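Notes for the one structure printed next.
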Amino acid sequence: MSGNPIDFYFDFASPYAYLASARIDALAERWGRAVRWRPILLGAVFKISGGVPNLNKPLQGDYLRHDVPRCARLWGVPLHQPLPAPFPSLAASRAFYWLDQVGGEHSPAALARALFHAHWAEGRDMAMPENVLDVAASLGLDRDAVEAGIAEPAVKERLRVETETAISRGVFGAPFFFVDGEPFWGADRMDQIEEWLRRGGW
């Protein structure tokens, strides 16, 4: 890989972040870039921005329930219907950062992809820690170790710091990308990201 990694900020509770997660690695690979997966908690972001989950907004929520399946069909991404409601993603995010902390043969990005798929493609509730543990175990991770890991104070602090760092960089929604310092918000900006990489900016 050449060039700086693409920073990919996301919340597991975002359907657009799920759609982006299914495409970002292939996009980056086409341009010789790695992807730095960085889960955050949008709830903390919304406390700063005054936002609320889009699925819960009058009118906009109805549009989203139409638009997300349409985007999924366009991009060939499997999607569970009806869309699972917004959910607290603490357990999923902490499992990611625990795995990132301990290292080893298992990829945190692979876990993130599996958690996204379980929730948004299969309709399994990833708000429930036991379901997060099931997904982790299906990848060969030790279930008891993951369960202990997501309760570790250092892991909780890592998620807090990552979320605060995202806010300090101007992240206000998900998915959010930084390409060589250039910010892009939304799964519908991925074509722009590719063009930015092709041109070297504009």
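Please read these numbers as outputs of a predicted model, since none were measured by experiment. Residues: numbered from 1 along the sequence shown.
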Do [X] and [Y] belong together in a cluster built from hydrophobic side chains that touch within less than 4.5 Å?
{"X": "F96", "Y": "F177", "value": "yes"}
{"X": "L111", "Y": "V35", "value": "yes"}
{"X": "F172", "Y": "I48", "value": "yes"}
{"X": "F46", "Y": "F10", "value": "no"}
{"X": "F176", "Y": "L27", "value": "no"}

With a 4.5 Å heavy-atom cut-off, do [X] and [Y] have their side chains touching?
{"X": "M126", "Y": "V135", "value": "yes"}
{"X": "L197", "Y": "I6", "value": "yes"}
{"X": "D100", "Y": "R158", "value": "yes"}
{"X": "H117", "Y": "S21", "value": "no"}
{"X": "E164", "Y": "V161", "value": "no"}
{"X": "V68", "Y": "Y18", "value": "no"}
{"X": "P53", "Y": "L42", "value": "no"}
{"X": "P175", "Y": "Y16", "value": "yes"}

What orientation do [X] and [Y] show, parallel under 30°, tilted 30 to 60°, or perpendicular over 60°?
{"X": "W37", "Y": "F8", "answer": "perpendicular"}
{"X": "F184", "Y": "W196", "answer": "perpendicular"}
{"X": "Y9", "Y": "F178", "answer": "perpendicular"}

Look at K57 together with D62 and state whether they make a salt bridge at an N to O cut-off of under 4.0 Å.
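D62 and K57: not salt-bridged.
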
Under 4.0 Å between a Lys/Arg side-chain N and an Asp/Glu carboxylate O for E147 and R143?
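Salt bridge absent between E147 and R143.
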
Minimum heavy-atom separation for [X] and [Y], please, with both atom names.
{"X": "V146", "Y": "A95", "value": "CG1-CB, 4.2 Å"}
{"X": "I150", "Y": "R94", "value": "O-CD, 3.3 Å"}
{"X": "R23", "Y": "D191", "value": "NH2-OD1, 4.1 Å"}
{"X": "A151", "Y": "K156", "value": "O-CE, 3.6 Å"}
{"X": "W202", "Y": "Q192", "value": "CH2-O, 3.7 Å"}
{"X": "G149", "Y": "V155", "value": "O-CG2, 3.4 Å"}

In Å, rounded to the nearest 0.5 Å, how long is the span from [atom1] of [X] to [atom2] of [Y]?
{"X": "M190", "Y": "I24", "atom1": "CE", "atom2": "CD1", "answer": "4.0 Å"}
{"X": "R198", "Y": "E194", "atom1": "CZ", "atom2": "CD", "answer": "9.5 Å"}
{"X": "R189", "Y": "E195", "atom1": "CZ", "atom2": "CD", "answer": "14.0 Å"}
{"X": "L41", "Y": "I167", "atom1": "CG", "atom2": "CD1", "answer": "9.5 Å"}
{"X": "L64", "Y": "H66", "atom1": "CG", "atom2": "NE2", "answer": "11.0 Å"}

What residues form a side chain to side chain donor-acceptor pair (under 3.5 Å) with Q60, not counting sequence neighbours?
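Q60: side chain to side chain donor-acceptor pair (under 3.5 Å) contacts with N54.
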
Check whether W31 forms a cation-pi arrangement with R33 (NZ or CZ under 6.0 Å from the six-membered ring centre, at most 45° off the ring normal).
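Here R33 fails the 6.0 Å and 45° test against W31.
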
Short side-chain to backbone donor-acceptor contact, W120 and F12, under 3.5 Å:
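Side chain of W120 to backbone of F12: a pair is present.
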
Examine distances only and state if a side-chain atom of T163 and a backbone atom of I40 form a donor-acceptor pair shorter than 3.5 Å.
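Here the side-chain-to-backbone pair does not exist.
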
Is it the case that more than 12 heavy atoms not belonging to [X] sit under 6.0 Å from its [atom1] atom?
{"X": "K47", "atom1": "NZ", "result": "no"}
{"X": "L59", "atom1": "CG", "result": "no"}
{"X": "W185", "atom1": "CH2", "result": "no"}

Does the side chain of D125 pick up a donor-acceptor pair with the side chain of N131 at under 3.5 Å?
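No, no side-chain donor-acceptor contact under 3.5 Å.
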
Applying side-chain contact (heavy atoms from CB on, under 4.5 Å) to D25 and R113, what does each step give before you reach the verdict?
CA-CA 11 Å; D25 285 316; R113 285 189 290 269; 2.6 Å; yes

Extract all donor-acceptor atom pairs below 3.5 Å that involve side chains of residues 80-92 and protein atoms in other chains or at least two apart in sequence.
residue, atom, partner, partner atom, Å
H80, ND1, P82, O, 3.1
S89, OG, D11, OD1, 2.7

For D7, what residues pass the salt bridge (Lys or Arg N to Asp or Glu O under 4.0 Å) criterion, not counting sequence neighbours?
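Expected list: R36, R38, R169.
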
